[in-house]
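Heads up, the thing below is written out as structure tokens.
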Amino acid sequence: MTKLLLFPSLVAKMMPTDYVGFTFFVGCMAMMAASAFFFLSLNQFDKKWRTSVLVSGLITFIAAVHYFYMRDYWASFGESPTFFRYVDWVLTVPLMCVEFYLILKVAGAKTSLLWKMIIYSLVMLVTGYFGEAVDPANAWIWGLVSGLAYFAIAYEIWLGEASKLAAAAGGNVLASHKILCWFVLVGWAIYPLGYMLGTDGWYTSMLGKGNVDVAYNIADAINKIGFGLVIYNLAVKSQKD
Ligand SMILES: *C/C=C(C)/C=C/C=C(C)/C=C/C1=C(C)CCCC1(C)C
């Protein structure tokens, strides 16, 4: 008893078999290291590219802070930190839309394109949150609406206005835009899969249940850090030409 009072535990225990906790821990470190990398590289870029790389760093930095919260939340309660997860996404996914807008500005991208993509992403995330946290009994309906908004984003960048701007820009911008498009189509597809593993719906009999956080943590590392590195590479290349 006295021992408890003298040494209050400030850090939760992590079991060696807690692979969910492990991915949260690694997520913290990866997001922090990536942020340091992007921020410390800023000086090498001129003004035009500095903003884009700065946004890459902000995305991983915002995620790093949320990962520290989520890691502790998981360690303390053994529950999915759904609320912090969605706060993180609501901040970082619109910033990824900003990245698309910033690189397409050379071809004359307008803020209306940016707002359109931000609104799609907010619809995608708010309906996803409802399905996971507010009205899980109807998870598949919320997930479907969310999926439609996701589809709208993918359509915009692959075939819509954004793709036309990328084609007009050509060169390095077009090449990088294409890679980012693949991130959205393949990397982002991990999220709805995680959602289906974590909620109950008609798909549960086929997919079974799994840990939603492992899927989300892996997807975040791929998408946030990978996305940032594509922008970083584009900045390095464009500055050389
Ligand atoms: C850094 C965080 C990123 C890139 C998060 C992306 C999240 C998604 C693409 C989530 C999509 C969802 C669906 C398409 C349907 C089910 C609900 C969501 C929110 C998991």
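Because only heavy atoms are used, hydrogens play no part in the values below, and waters and symmetry mates are left out as well, while side chains stay in. Positions are given from 1, in the same order as the sequence printed here. None of these values were measured; they are calculated from a predicted model. Just so you know, ligand 1 is whichever comes first in the structure, and atom 1 is the first atom listed for that ligand.
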Near Y150 (heavy-atom distance under 4.0 Å), the atoms of ligand 1 are 14 (C)
Mark up the atoms of ligand 1 that fall under 4.0 Å of a heavy atom belonging to M96, in ascending order. 4 (C)
Which segment of Y86 sits under 4.0 Å of ligand 1 when only heavy atoms are counted: side chain
Measuring centre to centre across the rings, with the benzene-like ring taken for any Trp, is F45 within less than 6.0 Å of Y232? yes
Counting heavy atoms under 4.0 Å, the part of D220 that contacts ligand 1 is side chain
Judged by atom type as modelled, is there a donor-acceptor pair below 3.5 Å linking the side chain of S176 to the main-chain atoms of V173? no
In ligand 1, the atoms that come under 4.0 Å of a heavy atom of T92 are 1 (C)
Which residue owns the protein heavy atom closest to atom 13 (C) of ligand 1, what's the atom, and how far is it? S146 OG, 3.2 Å
For V93, atoms of ligand 1 separated by under 4.0 Å from a heavy atom: 2 (C), 3 (C), 4 (C), 5 (C), 6 (C)
What atoms in ligand 1 come closer than 4.0 Å to a heavy atom of G143? 15 (C)
What part of Y191, side chain, backbone, both or neither, has a heavy atom within less than 4.0 angstrom of ligand 1? both
Under a 3.5 Å cutoff, is there a donor and acceptor pairing between the side chains of W142 and D135? yes
How would you list all residue pairs meeting ring-ring contact (aromatic ring centres under 6.0 Å, His included) that involve residues 166-188, not counting sequence neighbours? F100-H177, W158-W182
Which atoms of ligand 1 are found less than 4.0 Å from any heavy atom of K224? 1 (C), 2 (C), 3 (C)
No-hydrogen, no-angle side-chain donor-acceptor test under 3.5 Å, R71 and N217: no
Enumerate the residue pairs fulfilling salt bridge (Lys or Arg N to Asp or Glu O under 4.0 Å) with a member in residues 184-201, sequence neighbours excluded, ordered by first and then second residue. D200-K209
Atom 9 (C) of ligand 1 has as its nearest protein heavy atom M124 CE, 3.4 Å
Quick note on ligand 1: atoms under 4.0 Å from a heavy atom of Y216 include exactly 20 (C)
With a 4.5 Å cut-off on side-chain heavy-atom distances among I, L, V, M, F, W and Y, is there a chain of contacts connecting Y191 to I141? yes
Aromatic ring proximity, centroids under 6.0 angstrom, Y73 and F77: yes
